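Since this is a predicted model, take the numbers as computed values, not measurements. So that the names make sense, note that chain A is the first sequence line, chain B the second, and so on, each numbered from 1.
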Amino acid sequence: MSNAPQFGLNGPQSEAVLYLDGPALVLAGAGSGKTRVITQKITHMIEDRGYDPRTIAALTFTNKAALEMQERVGKMLKQPKQAKQLTVCTFHSLGVRILRQECNHLGLKDRFSIMDSDDCYSLVQDLAITTDKNVIRGIQNDISLWKNGLVTPEDALKQAQTEDEAQSARIYGSYIATLAAYQAVDFDDLIRLPVELFRNHDTVRDKWQRRLRYLMIDEYQDTNTCQYELVKLMVTGLGKKPMFTAVGDDDQAIYGWRGATMENLALLQVDFPDLKLIKLEQNYRSTSRILQAANAVIQNNPKLFEKTLWSELGIGEPIKVHSMPNEEQEAEQVAIMISADHFERKNKWADYAILYRGNHQARVIEQALRTQRIPYTISGGQSFFDKAEIKDIMAYLRLMANPDDDPAFIRAATTPRRGIGQSTLEALGSFSGKWQCSLFEAVFKGGIEAVLQERQLKPLQDFCNFILELESRATRPGPSGSGDNAAQVLDDLMEGMHYEHYLYDAFEERAAQSKWQNVLEFVNWLKERGRGGKDRDGEEKNVLELTQMVALMSMLEGKDEEPDAIRMSTLHASKGLEYPHVFLVGVEEGILPHKGDPDAPVETLGQRIEEERRLMYVGITRAQRTLQLTWCKKRKRGGEHVQCDVSRFIAEMALDVGDAPPKETEILSPRERLARMKELLSAPRDVNPA
DNA sequence: ATCCCTGCTTTTTTT
DNA sequence: AAGCAGGGAT
């Protein structure tokens, strides 16, 4: 096979695109044109090699990445319609698709519910003895890691080192049982259950292998054991030659804390001895200085694969390090530096990004940007779907789809208040436990009058009848064949639950207004999807089908065109993105190598630091042209100010002499600041987001 | 059942 | 400093 560059790609890139003789691993450094390779490869397979687009699947970790990839392939194909036949989705969406079709093999009804982590939290809360929030979250975390590691409750119990772990393991067992009783799955099950299915049912596995013959896996270093197992099950066996391309970068593995193991990269070589290894080392994003710093930092990690980024974009401007007296000053100074630079260089606001380790750091920065009247957008914060008012509505929808969904039942039945209280629910709960049925069923079960008085029973029955009525409307054969118009059912739901009234009753005028606004937006968005989406591509969906879709959409992506505003983001959320000018704040010991759990075993400390270092590496490599780092000498923590040390990663960057201006950067005096303010005020104003 | 006050805690990242 | 859990009062 020729290595001659094609498609306007460099040598290794086109090699990665053209190689279709077997499994391939593309080690793609930051900014090395990874997405370009994937999209080009898909195009090449369809147009030059005659692959049926329906047999190609590309798996990503975020909906955003999937959307972008599909879009880009669509633009490259001569027949853009073919892009719609591709399977481009997240691991979790693929899991849902598989479970939907094969649920009968798993003893799951097709209207299973998908529980979000809040629901799972309350589930664990009921199973655990303590009420300690941190402990419960810890148990939840343990369970998630076990699921992602394909560890059964029995194994977990055997391996338990401490009593706490044994406790978690026992809860893990009943947790799985409870979910099964609810006919519900959690996030991790979306991968785990398909794995079980494929392991136990060769015919089903064979069917999906025939359907998806070629797999592309993005961000492979972020896969966990369970996801890798799914990949293996899909590409091997039954006389099939493994055909896939995994794309990843061990230096950007930053999701170890949720079970991802970058050892999967090395395992790939073991499991597929004829694995073709291709390295992409030319960077098309950043200046040499930035890459030099990135390389220098990451060199301190033991390497799985040797890799050095380089670019032809010139040496670039020096990287600057500023020390600040405290976090308020830091935020203010960054805001001032950005606005000064913005006017000097006549840049767009959107050319700047402020990156930080933890979400809480965003607060001070937001304040500073607001007082400076600089527009900004925050990514990685609370998502639209996590808002309480949206979850309330969702609880009703989920209950319509699956009356056995007890968490949804509890939430919907008690919001808005309708005379169903704790004691009522407890009686109902123990009754349902005794008869092994869901809360919903229990309401109509004979003998319930014995444990609940008429006064308590009546509101429950009214509530259930309300849900049943809507449910029958949603599934009744309608004009489209799949039930009443989703919009109509939604309208009736909104009216019947009196949610608006409840909001104004329970909250301040202003809060209620904004919450109701969110609800309306959400409902309209649902109606839109029910009609088959904006581009009238997808099929018309009824309300029940919509709810399963929503469960996965944790982030409302690509709403409007991006406004001209500074981007604020956590380092994690910034992966995959790039900005001309990057400010990385809070580069301190304890924050950027984040101080982990003090109780964590010492031997894992090194690994933690390595992951933090990769996080630093990700941050540096987001920058295209300039990079500035700030750290605080003092920071408010808890009650008092605490001394901070500059991050060890700064020293590791080995900045050229002269690159790092002597630590003390001038702090603008109030008078100078006033001058800058005046300058700002005379400039055209931008309106801040609400 | 809900509201308000007091007192105590406080690891971050997210499909 | 702030958010949250728990307890006491209405």
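Scanning for ring-ring contact (aromatic ring centres under 6.0 Å, His included) contacts around A:Y175 gives an empty result, with sequence neighbours left out. Not counting sequence neighbours, the partners of A:F91 by the ring-ring contact (aromatic ring centres under 6.0 Å, His included) test are A:F61. Applying the side chain to side chain donor-acceptor pair (under 3.5 Å) test to A:Y396 and every residue at least two apart in sequence or in another chain returns A:R418.
We find that CZ of A:R614 is positioned 18 Å from P of B:dT13, with the value rounded to whole Å. In this structure, A:E219 places its CD atom 19 Å from P of B:dT13, rounding to the nearest Å. Per the geometry, CG belonging to A:L571 stands 10 Å off P belonging to B:dT14, to the nearest Å. Counting to the nearest Å, the P atom of B:dT11 and the OH atom of A:Y356 are 19 Å from each other. Look at CD1 on A:I191: it is 18 Å from P on B:dT14, rounded to the nearest Å.
Sorted by first and then second residue, the ring pair (Phe, Tyr, Trp, His ring centres under 6.0 Å) pairs involving residues 126-149 of chain A (not counting sequence neighbours) are A:W146-A:Y172. Within the structure, the salt bridge (Lys or Arg N to Asp or Glu O under 4.0 Å) test picks out the following pairs touching residues 94-103 of chain A (sequence neighbours left out): A:E102-A:K207.
C:dA5 and B:dT12 have their P atoms separated by 15 Å, given to the nearest Å.
Taking the ring axis of A:Y255 as reference, the NZ or CZ atom of A:R258 stays within 45° of it and closer than 6.0 Å to the ring centre.
Of the two residues near DNA chain B, A:R357 and A:F61, the one whose nearest nucleotide lies more 5' is A:R357. In terms of position along DNA chain B, the nucleotide closest to A:N141 lies nearer the 5' end than the nucleotide closest to the other residue of the pair A:S144 and A:N141.
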Check the interface with nucleotides 3-6 of chain C: list each N/O to N/O pair with the protein under 3.5 Å, or write none.
from, atom 1, to, atom 2, distance (Å)
C:dG6, OP1, A:T131, OG1, 3.0

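Note on A:T570: a side-chain N or O is less than 4.0 Å away from OP1 or OP2 of B:dT14. For the OP1/OP2 pair of B:dT9 and a distance below 4.0 Å, the side-chain nitrogens and oxygens of A:N134 include no atom meeting the criterion. At B:dT14, one or more side-chain N or O atoms of A:N359 fall inside 4.0 Å of OP1 or OP2 (strictly under the cut-off).
Looking only at distances, a side-chain donor or acceptor of A:D189 sits under 3.5 Å from a matching main-chain atom of A:D186.
The ring of A:Y255 does not lie on top of the base of B:dT13; it is either too far (5.5 Å or more) or too tilted (30° or more). Stacking between A:H594 and B:dT12 is present: the aromatic ring centre lies within less than 5.5 angstrom of the base six-membered ring centre, and the two planes differ by under 30 degrees.
No hydrogens or angles were tested; on distance alone, nothing pairs the side chain of A:R258 with the base of B:dT15 as donor and acceptor under 3.5 Å.
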